[in-house]
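Below is one structure, written out as structure tokens, with a few remarks after it.
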Amino acid sequence: MSKYISVCIFLGMPFVLSSCFPSQKLPKRYKSYAARNYVPTKDSIKYFVGVSGYAFGAGGSEKVKVEQPKNIFSLSGEGQKQLIESIADNEKNSEDLLAKLSEDIIQGTREVKLKDMTRFNRKMSFSVDNMRLNPADRIMKLTISLAPAAGSELKIVSCNKLSADNKTAVLSSGIAAGTLNLLEESKTNNDLAGSIHAEVAFEYKGTTSVKEVFVFNGLYNRDKTVVKPNDVVISQQRCVYPDLAKDEVLTCSYEAVVRHVIEGDNTISEADDEIEVVKGKASAGDISVISKGQLTPKLWMITDNRNNLELNGPTGQNVLLFATYEDALNFITWFKRASSDILVNSKMGNGAYQAELSGGATLTDSFIKNCVVKGM
């Protein structure tokens with residue numbers, strides 16, 4: 001019996017072994033497969049893939065740090081007790097005591113830090129379109145390249161927050177020789193049509209302008225009375241921004257790989273498909289990054305529409321400029337309330353600054369009464 005089994009196994013071995021090797025009679029995956037690569041001078045890839053992009057989001061010109069005022073509730077239990085005892089020694093009745101306790105121990109501050117506007121971010125958005133009507137065609141790989149235009153003063157510093165609508169795609173970015181390349185590749189045979197988003201950091205290396213911005217602290221006492229002009233603490237910040245003669249743009253180009261079905265797409269089987277893989281490069285045009293004047297900061301001044309308020313200090317005589325409307329409004333409120341002291345002695349900031357008007361005009365009560373905050 002065992003001899004009979006051995007003979008059967010021996011006779012069946014050729015069949016088993018032959019099944020382990022590919023047979024020439026098995027159906028091919030595709031009926032035909034070809035590759036086509038357009039030379040860089042041709043843009044015929046645009047018949048398969050379209051790419052367009054734009055930049056947006058300038059960001060603010062300042063960073064505001066707010067310190068809330070300190071009152072009795074900011075103290076420990078022992079500190080509150082000592083404060084109450086100290087005030088009670090100097091106040092005659094409970095109403096005055098309560099009024100003093102409601103005052104701020106330390107005034108709140110609002111510190112504005114101006115950014116260097118020669119460094120800025122732009123949010124970039126790209127639309128990737130499958131230009132073929134055939135639903136079987138697929139964009140398999142896409143590289144978008146961004147480079148400063150010839151003669152540009154822009155430098156691409158970094159790329160962050162790269163994302164795409166197609167969640168199955170693999171994304172990456174890199175900067176080489178001043179060009180930013182964004183790579184999107186399909187790992188699941190899905191079409192890459194959709195949107196790509198990135199946040200790109202730039203540096204402007206061209207001509208800049210500088211404005212002196214003033215910061216005032218300690219305009220009011222704890223009891224809300226105005227501080228004497230000479231006791232006000234004044235500091236200055238330099239605001240640097242691009243002085244553009246023309247718009248700054250990036251050139252945008254792309255390279256795509258497309259799976260194109262020539263014939264056979266009307267059946268489920270791939271065996272009758274005639275496939276062509278198409279690769280090529282094309283230009284997507286220019287993308288405006290900064291328009292002339294776009295990064296010029298919005299500053300605020302004090303004026304009666306004839307003359308502007310200026311300060312003559314360590315860096316010379318400059319128009320009194322503020323980084324925010326709130327800072328300018330806070331100052332002009334104090335300025336009008338402290339007008340009698342300012343007209344007697346226009347020295348400010350421990351004598352380091354002298355309040356003056358533009359054009360050599362004399363600081364008058366009429367100017368103080370009629371001056372307003374105005375943007376520039």
Could you list the donor-acceptor pairs under 3.5 angstrom formed between side-chain atoms of residues 135-146 and any protein atom two or more places apart in sequence or on another chain?
unit_1	atom_1	unit_2	atom_2	d
Asp137	OD1	His260	ND1	3.3
Asp137	OD1	Val261	N	2.8
Asp137	OD2	His260	ND1	2.8
Arg138	NH1	Pro135	O	2.4
Ser145	OG	Asn181	OD1	2.6

Quick one: do the Asn330 and Thr333 side chains pair a donor with an acceptor below 3.5 Å? no
List for me each residue that meets side chain to side chain contact (heavy atoms under 4.5 Å, CB included) alongside Glu203, sequence neighbours excluded, and say none if there are none. Arg119, Lys155, Val157, Lys205
Can you list the residues that meet the side-chain hydrogen bond (donor to acceptor under 3.5 Å, both in side chains) rule with Ser195, with sequence neighbours excluded? Asp165
Partners meeting salt bridge (Lys or Arg N to Asp or Glu O under 4.0 Å) with Asp365 (sequence neighbours left out): Lys369
Return the set of residues passing salt bridge (Lys or Arg N to Asp or Glu O under 4.0 Å) with Glu276 (not counting sequence neighbours), or none when no residue passes. Arg36
With Lys246 via salt bridge (Lys or Arg N to Asp or Glu O under 4.0 Å) - residues at least two apart: none
Testing the 3.5 Å rule here: is there a donor-acceptor pair between the side chains of Glu212 and Asn318? no
Residue pairs meeting ring pair (Phe, Tyr, Trp, His ring centres under 6.0 Å), one or both in residues 131-169, sequence neighbours left out, come to none
Sequence neighbours excluded, the answer for salt bridge (Lys or Arg N to Asp or Glu O under 4.0 Å) partners of Lys374 is none
List, one per line, each side-chain donor-acceptor pair under 3.5 Å for residues 354-362, sequence neighbours excluded.
unit_1	atom_1	unit_2	atom_2	d
Gln354	OE1	Lys347	NZ	3.3
Gln354	NE2	Ser346	OG	2.0
Glu356	OE1	Gln317	NE2	3.2
Ser358	OG	Asn308	N	3.0

Side chains of Asp304 and Asn370: do they bring a donor and an acceptor to under 3.5 Å? no
Should we count NZ of Lys46 as having more than 12 external heavy atoms under 6.0 Å? yes
Scan for ring pair (Phe, Tyr, Trp, His ring centres under 6.0 Å) pairs involving residues 304-332, sequence neighbours excluded, and state none if there are none. Phe216-Phe322, Phe216-Phe331, Trp300-Tyr325, Phe322-Phe331, Phe331-Trp334, Phe331-Phe335
What ring pair (Phe, Tyr, Trp, His ring centres under 6.0 Å) pairs are there with at least one residue in residues 227-255, not counting sequence neighbours? none
Could you check Glu199 against Asn121 for side-chain hydrogen bond (donor to acceptor under 3.5 Å, both in side chains), going step by step and ending with a plain yes or no? CA-CA 7 Å; Glu199 187 169 300; Asn121 292 345; 3.3 Å; yes
Does the separation of the ring centres of Tyr204 and Phe202 fall below 6.0 angstrom? no
Going by the rule side chain to side chain contact (heavy atoms under 4.5 Å, CB included), which residues pair with Ser235 if we only count those two or more places apart in sequence or in a different chain? Val215
